[in-house]
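The chains referred to below are lettered A, B, ... by the order of the sequence lines, with proteins before strands, and numbering in each begins at 1.
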Amino acid sequence: GENVEQHPSTLSVQEGDSAVIKCTYSDSASNYFPWYKQELGKRPQLIIDIRSNVGEKKDQRIAVTLNKTAKHFSLHITETQPEDSAVYFCAASKPRPFSGGYNKLIFGAGTRLAVHP
Amino acid sequence: DTEVTQTPKHLVMGMTNKKSLKCEQHMGHRAMYWYKQKAKKPPELMFVYSYEKLSINESVPSRFSPECPNSSLLNLHLHALQPEDSALYLCASSQVGQGPKLFFGSGTQLSVL
């Protein structure tokens, strides 16, 4: 079945530095790749997503890149701030065989990002 | 309203108790989900409702019983749980067939004694 590997499991950076988290997926049919941020004791929140027909997407300080050939995608956070400290989950899903069906999300194991002032 | 609301926020129950978790959304989403999350782990899918019908059951034990009374509400009925069922239970919703781009509720932190 589909598998998503996420690295690193922990990441520590100084405020202002960049942070990069990488994920690799196994199923070449996957076409949707979201990233969720989960602060301690809070809900996971979608921060950015990308579809397979796009190679890169940016939203202010965060960006996601997708390499379909290599089957990996990455989250880039620039000018990190202490409030970026959280666990980040990547995920992947592929289309169901019929329209309107459910596309199961497969999550990576998560990356704990710590941004030190 | 872009919120998914879950109640209660915390729940402690014994192994012989019956309790229910509740979830509500008013975003017009027709897909609703229950996830279970253990500490330091990603969410694990339990159930998916699409247009108020159960479409996915990820081999969840029968002591967990989902219910979708209408397009805005989702319940999870709990009975005879085990201590290993202690976890954060997350409800989520999405448009059908779009992603899925999930909106999560804040969760119910469940402890089974």
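- Atom CG of B:Leu113 sits in a crowded spot, with more than 12 heavy atoms from other residues, nucleotides or ligands closer than 6.0 Å.
- In A:Glu79, the CD atom is not crowded: 12 or fewer heavy atoms of neighbouring residues, nucleotides or ligands sit closer than 6.0 Å.
- Both the backbone and the side chain of A:Pro44 come within contact range of chain B, judged by heavy atoms closer than 4.5 Å.
- Closest approach of A:Leu46 and B:Leu102 over heavy atoms only: CB-O, 4.4 Å.
- Looking only at side-chain heavy atoms (C-beta outward), A:Arg43 and B:Phe103 stay at 4.5 Å or farther from each other.
- Of the listed residues B:Glu44, B:Arg30, B:Gln109, B:Glu58, the one with more heavy-atom pairs under 4.5 angstrom with chain A than any other is B:Glu58.
- Listed here is the closest heavy atom pair of A:Phe107 and B:Pro42: CB-CB, 3.7 Å.
- A:Gln60 CD: 12 or fewer foreign heavy atoms inside a 6.0 Å radius.
- Heavy-atom distances place no part of A:Phe33 under 4.5 Å from chain B, backbone and side chain included.
- The hydrophobic clustering, which links ILVMFWY residues whose side-chain heavy atoms are closer than 4.5 Å, places B:Met32 and B:Met27 apart.
- Put simply, the side chain of B:Tyr33 does not reach to within 4.5 Å of the side chain of A:Leu105, judged on heavy atoms.
- The part of A:Gln38 that comes within reach of chain B is its side chain, from C-beta onward, which places non-hydrogen atoms under 4.5 angstrom from that chain.
- No chain of hydrophobic side-chain contacts below 4.5 Å, direct or via other Ile, Leu, Val, Met, Phe, Trp or Tyr residues, connects A:Val20 to A:Leu113.
- Counting non-hydrogen atoms of neighbouring residues, nucleotides and ligands closer than 6.0 angstrom, the NZ atom of A:Lys42 reaches no more than 12 such neighbours.
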